[in-house]
There are 2 protein chains.
Amino acid sequence: MLNHTNNNPAAIREILGRYVINPTHQRCEIARVMLSKPQHLSAEQVLSLVNANSPHVSKATVYNTLNLFVEKGLIRQVIVDPTKIFYDSNTSSHYHFYNEDTGELSDFKLNDINLTPFPTLPENTVQSGVDVIVRVKNSG
Amino acid sequence: MLNHTNNNPAAIREILGRYVINPTHQRCEIARVMLSKPQHLSAEQVLSLVNANSPHVSKATVYNTLNLFVEKGLIRQVIVDPTKIFYDSNTSSHYHFYNEDTGELSDFKLNDINLTPFPTLPENTVQSGVDVIVRVKNSG
DNA sequence: CTGCTTGCAAAGGCTTTGCAGAACA
DNA sequence: TGTTCTGCAAAGCCTTTGCAAGCAG
């Protein structure tokens, strides 16, 4: 699902409402940053983008809000680096390149990727997601 | 590559030698634990397994040694959980199930998985690895 | 009023690092 | 004797949490 918006306050509130998220001031600010385009941001990056003009959102709130957004399905975590979590505003099915030299994360889609028929899942489990990460390094 | 051995000291030293790793006492102990079978262990687990009988390897050495083994290609990191790193003694091509409820990691192989032809890599990069993680939850 | 939200600071958990002593060739 | 390795303790980083103050309905 793509939930991007051009910083339109009403549109942001509408999206939050759709995900049953109480649209407080701070949450709208964080949503504005996250949803401005498809992107991958760390909590630290969200914090500084949100507070770029005037600082008014605390670090704790950024962390708590990002977790709330993940829980509600508005954004996704991407776990590729042991030192930090990335948050992805694009929740539709896609995969990632991760540049281990630069820490850059980028998307790809494959029409011909075919992970089905899946291997048999472990007993008494249901699938909750599939991550495909192609790790790359600078060739230079 | 599978580098497993039945706790045979000479075999362990031979494997370490093959990866150009100076076979100190501590490193042999850690290798013995890691290479006893294909498995996924956290640093904490390695620490307690190594020191199960008599404590003689420090936490710092476990961390440093696991990193050394990764660097030399003897084992692999598996990054699926933001709170800890798993180390995998099986470096041959395979993929992972991760149970988000229990933290259990298990392997699967797919004959019919076909990630080629790959998407075009980002500019000036070379591929260094492909991770496929199927996240599951308990169905009960 | 009453419950939800925020922010600060402190705590937590995993991992790395500095440095002195130990081991080994 | 010189290099490499180990271990302790401290530091570092990212993230979470406790709790009091703030805000909204």
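Computation of the quantities below employed the complete heavy-atom set of this structure, encompassing side-chain atoms and omitting hydrogens, waters and symmetry-equivalent molecules. Lettering follows sequence order; numbering is per chain, from 1.
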Roughly how many Å is it from CG in B/L16 to C1' in D/dC5, rounded to a whole number? 14 Å

Check nucleotides 20-25 of chain C against the protein and report each pair of N or O atoms closer than 3.5 Å, with its distance, or say if there are none.
none

Separation of D/dT6 atom C1' from B/N22 atom CG, nearest Å, is 13 Å

Using whole Å, report how far CG of B/L68 lies from P of C/dT16. 13 Å

Base contacts versus sugar-phosphate-only contacts with protein, heavy atoms under 4.0 Å: please encode nucleotides 7-21 of chain D as B, S and - from 5' to 3'. BB-----SBBB----

Consider only side-chain heavy atoms of I, L, V, M, F, W and Y, link residues closer than 4.5 Å, and tell whether B/L66 and B/F86 are in one cluster. no

A/V130 and B/F97: same hydrophobic cluster, using ILVMFWY side-chain contacts below 4.5 Å? yes

Quick check on the hydrophobic clustering: are B/I85 and B/V70 connected, directly or via other members, by side-chain heavy-atom contacts under 4.5 Å? yes

State, without any angle test, whether A/N124 and B/N138 hold a side-chain donor-acceptor pair at a distance under 3.5 Å. no

Separation between OG of B/S89 and NZ of B/K37, rounded to the nearest 0.5 Å: 9.5 Å

Report the distance from atom CD1 of A/I30 to atom CG of A/L47, rounding to the nearest 0.5 Å. 8.5 Å

Would you say a side-chain N or O of A/T24 is under 4.0 Å from OP1 or OP2 of C/dT6? yes

Do the side chains of A/R135 and A/K137 get nearer than 4.5 Å, heavy atoms only? no

Return the value, rounded to whole Å, for the distance between atom CG of A/L66 and atom P of C/dG7. 13 Å

Scan side-chain atoms only and decide if A/N90 and A/H40 contain a donor-acceptor pair under the 3.5 Å cut-off. no

Whole Å only: how far is the CG atom of B/L47 from the P atom of C/dC14? 12 Å

